[in-house]
There are 2 protein chains.
Amino acid sequence: MSDLQNTPNPNTPIFSPLYQQIKALLLQSLSSGEWNAGDMIPSEVDLAAHFKVSQGTVRKAIDELASENLLVRRQGRGTFVATHQEAQIRFRFLSMQADNGQKFTTSSAVVDVDVILASVGVCAHLGLADSDRVVQITRVLSFNGRAGVLEKIYLPEALFPNVTADKLRAYKGTLYSWFESEFNVRMIRAVEQIRAVNAPESAAEYLNVASNEALLYVERISYTYADKPVEVRHGWYLTHDYFYKNELI
Amino acid sequence: MSDLQNTPNPNTPIFSPLYQQIKALLLQSLSSGEWNAGDMIPSEVDLAAHFKVSQGTVRKAIDELASENLLVRRQGRGTFVATHQEAQIRFRFLSMQADNGQKFTTSSAVVDVDVILASVGVCAHLGLADSDRVVQITRVLSFNGRAGVLEKIYLPEALFPNVTADKLRAYKGTLYSWFESEFNVRMIRAVEQIRAVNAPESAAEYLNVASNEALLYVERISYTYADKPVEVRHGWYLTHDYFYKNELI
DNA sequence: CAGTGGTCTAGACCACTGG
DNA sequence: CAGTGGTCTAGACCACTGC
């Protein structure tokens with residue numbers, strides 16, 4: 001149905017492969033909110049008919065989106081929009097592991113929620129104007145009941161309206177799944193800058209360590225569709241009993 | 001030619017998909033050394049004829065190996081065994097970037113090479129016996145001429161015979177490309193545990209910092225084909241002007 | 001059982017590379 | 001130009017899921 005530039009006998013001068021065009025169209029359906037997290041998308045047969053291409057071409061487009069973790073294929077059931085509700089994806093963005101290899105419980109204590117004018121740095125990373133406001137969330141993550149991470153999270157108020165500490169505390173689940181269900185914002189990828197710092201006063205207090213103690217300091221920028229940055233997160237990590245796991249593939 | 005279990009009409013009870021079997025066979029040709037780093041492997045048409053399957057099936061096997069960075073496809077030329085010589089792959093395992101975003105030069109100074117009995121920890125990670133010996137390389141990496149990383153590298157002597165500081169210093173290029181060309185050992189993936197520590201005396205000295213200064217401490221285990229561990233690397237990183245970059249995808 | 005994704009085939013044509 | 005990988009088709013059959 002759609003105006004793909006590559007009719008079976010392409011005479012058009014400039015074109016990208018059919019499956020790329022279809023991938024772009026699917027991406028559009030994802031980012032426009034036409035399909036929501038957890039939804040099943042149309043079957044390969046339906047999509048092939050709709051786009052008037054063969055099933056193999058649709059398949060290649062879906063394959064790529066699945067390999068980018070935007071879609072999830074389930075044999076016999078269908079293809080679904082990836083969601084942060086899934087266990088698989090839930091811990092993709094929390095990389096801490098215990099020294100002893102054991103499992104551990106994670107809990108979160110919201111310290112503060114403020115709406116403020118963002119610093120220049122945060123503004124730049126989020127692509128905001130000086131006058132735009134951001135929600136600042138301060139929270140402490142604990143592992144097995146012991147404070148392990150202090151985080152400061154910055155979100156554009158325009159995308160995340162009316163955030164309050166109470167609402168945040170009421171939600172059971174990860175922040176990213178809250179963003180998804182409450183604001184329809186899905187995090188797709190993130191980039192981190194990792195450093196070691198001597199604990200600043202503020203962090204030392206929350207983590208119950210001396211103020212020159214070495215901490216991991218992680219600055220993360222998270223992106224949604226179309227590489228749009230939607231979150232800046234600063235974290236101070238205690239790495240005595242837990243470490244940050246990184247896989248180079 | 002090979003005895004794939006899935007002849008066109010499969011009556012055999014247990015089997016994995018054809019393309020997986022072919023992938024396994026290609027993997028074998030890679031790990032056995034039949035194909036070396038940088039070599040061109042047989043064309044899709046040849047492989048299809050050889051395995052008596054359609055080109056599409058071979059293609060799917062190669063696609064997966066390419067997505068795992070074991071093979072590199074080059075349109076119009078052929079498919080090649082990935083090598084650490086390539087710029088693309090050369091920096092896949094060094095994640096430091098400058099705060100100002102500028103490029104910078106990296107240089108390496110070999111401090112020491114010893115053949116020793118490995119500690120229990122290193123033995124365990126490398127799958128060695130207590131009595132097996134390892135090569136211990138101590139070196140300092142500098143960025144723009146300023147010492148930035150102290151590394152201690154442990155290699156099984158059995159796989160890396162006759163390593164000397166002189167040979168190491170004579171080689172121009174990354175350590176991984178040296179391993180590849182000199183010992184025919186190719187690193188495929190690595191896992192890291194990242195922590196912040198207060199600089200130990202030894203590291204502080206090499207990096208010219210005070211001994212309680214916060215440093216990144218990275219423990220890396222590198223693997224070759226078949227998930228065989230072949231290197232343990234301990235690194236202390238100064239992160240004042242450079243940071244460790246991590247991408248969550 | 002009908003509907004989904006997963007595998008596989010055979011063949012066509014295109015785009016790119018190097019000699 | 002011949003040879004390579006890249007795209008696309010049409011159709012077959014399999015494996016899995018849920019009703």
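Just so it is clear, the model here is predicted, and its values are computed rather than measured. Within every chain, numbering begins at 1; the chains are lettered A, B, ... in the order of the sequence lines, protein sequences first and strands thereafter.
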ask   = Below 4.5 Å, heavy atoms only, C-beta onward: do B:F243 and A:E192 meet side chain to side chain?
value = no

key: Atom CD of A:Q28 with >12 non-hydrogen neighbours under 6.0 angstrom   = no

key: Atom-pair distance (CG on A:D63; C1' on C:dT7), nearest Å   = 12 Å

Salt bridge flag under 4.0 Å for residues A:E151 and A:R220 = no

key: A:K60 NZ - C:dT7 P separation (whole Å)   = 15 Å

message = Rounded to whole Å, how long is the line connecting atom CD of B:Q55 with atom P of D:dG5?
response = 8 Å

query = Where do B:Y225 and B:S32 land on the side-chain hydrogen bond (donor to acceptor under 3.5 Å, both in side chains) test, with the steps shown first?
reply = CA-CA 9 Å; B:Y225 297 105; B:S32 73; over 6 Å; no

query = Does a nitrogen or oxygen in the side chain of B:S54 sit under 4.0 Å from OP1 or OP2 of C:dA10?
reply = no

task = Mind calculating the distance between CZ (B:R59) and C1' (C:dT7) to the nearest angstrom?
result = 16 Å

request  = Kindly state which residues belonging to residues 33-45 of chain B come within less than 4.0 angstrom of DNA chain D, counting heavy atoms of the residue only, listed by number.
outcome  = B:M40, B:S43, B:E44

request  = Could you check A:Y176 against A:E231 for side-chain hydrogen bond (donor to acceptor under 3.5 Å, both in side chains), going step by step and ending with a plain yes or no?
outcome  = CA-CA 10 Å; A:Y176 286 149; A:E231 181 203 46; 2.6 Å; yes

key: Gap between atoms OH and P, on A:Y19 and D:dC8 respectively (whole Å)   = 7 Å

Short side-chain N/O contact from B:T57 to OP1 or OP2 of C:dT9, under 4.0 Å = yes

message = Is the distance between the ring centroids of A:Y154 and A:H234 under 6.0 Å?
response = yes

key: Nearest-0.5 Å distance, CG of residue A:N246 to OH of residue B:Y244   = 4.0 Å

query = To the nearest Å, how far apart are A:D46 CG and C:dA2 C1'?
reply = 13 Å

message = Is there a side-chain contact between B:L126 and B:V232 in this structure, where contact means two heavy atoms from C-beta onward sitting under 4.5 Å apart?
response = yes

message = Just the rounded figure in Å: distance from C1' of D:dT7 to CZ of B:R73.
response = 12 Å

task = Check the surroundings of atom CG in B:N162: do more than 12 heavy atoms from other residues, nucleotides or ligands lie under 6.0 Å from it?
result = no

request  = Can you tell me which stems involve DNA chain D, if a stem is defined as three or more consecutive Watson-Crick or G-U wobble pairs, both distances under 3.5 Å?
outcome  = C:1-18 with D:1-18

ask   = Are B:Y242 and B:F104 close enough that their ring centres sit under 6.0 Å apart?
value = yes

inquiry  = Taking the side chain as everything from C-beta on, heavy atoms only, tell me whether B:L26 gets closer than 4.5 Å to B:W35.
reply    = yes

Between the protein and nucleotides 16-19 of chain D, which nitrogen or oxygen pairs come in under 3.5 angstrom?
unit_1	atom_1	unit_2	atom_2	d
D:dC16	O4'	A:Q75	OE1	3.4
D:dG18	OP1	A:R77	NE	3.4

task = Give the rounded distance in Å between these two atoms: CZ of B:F80 and C1' of D:dG3.
result = 12 Å

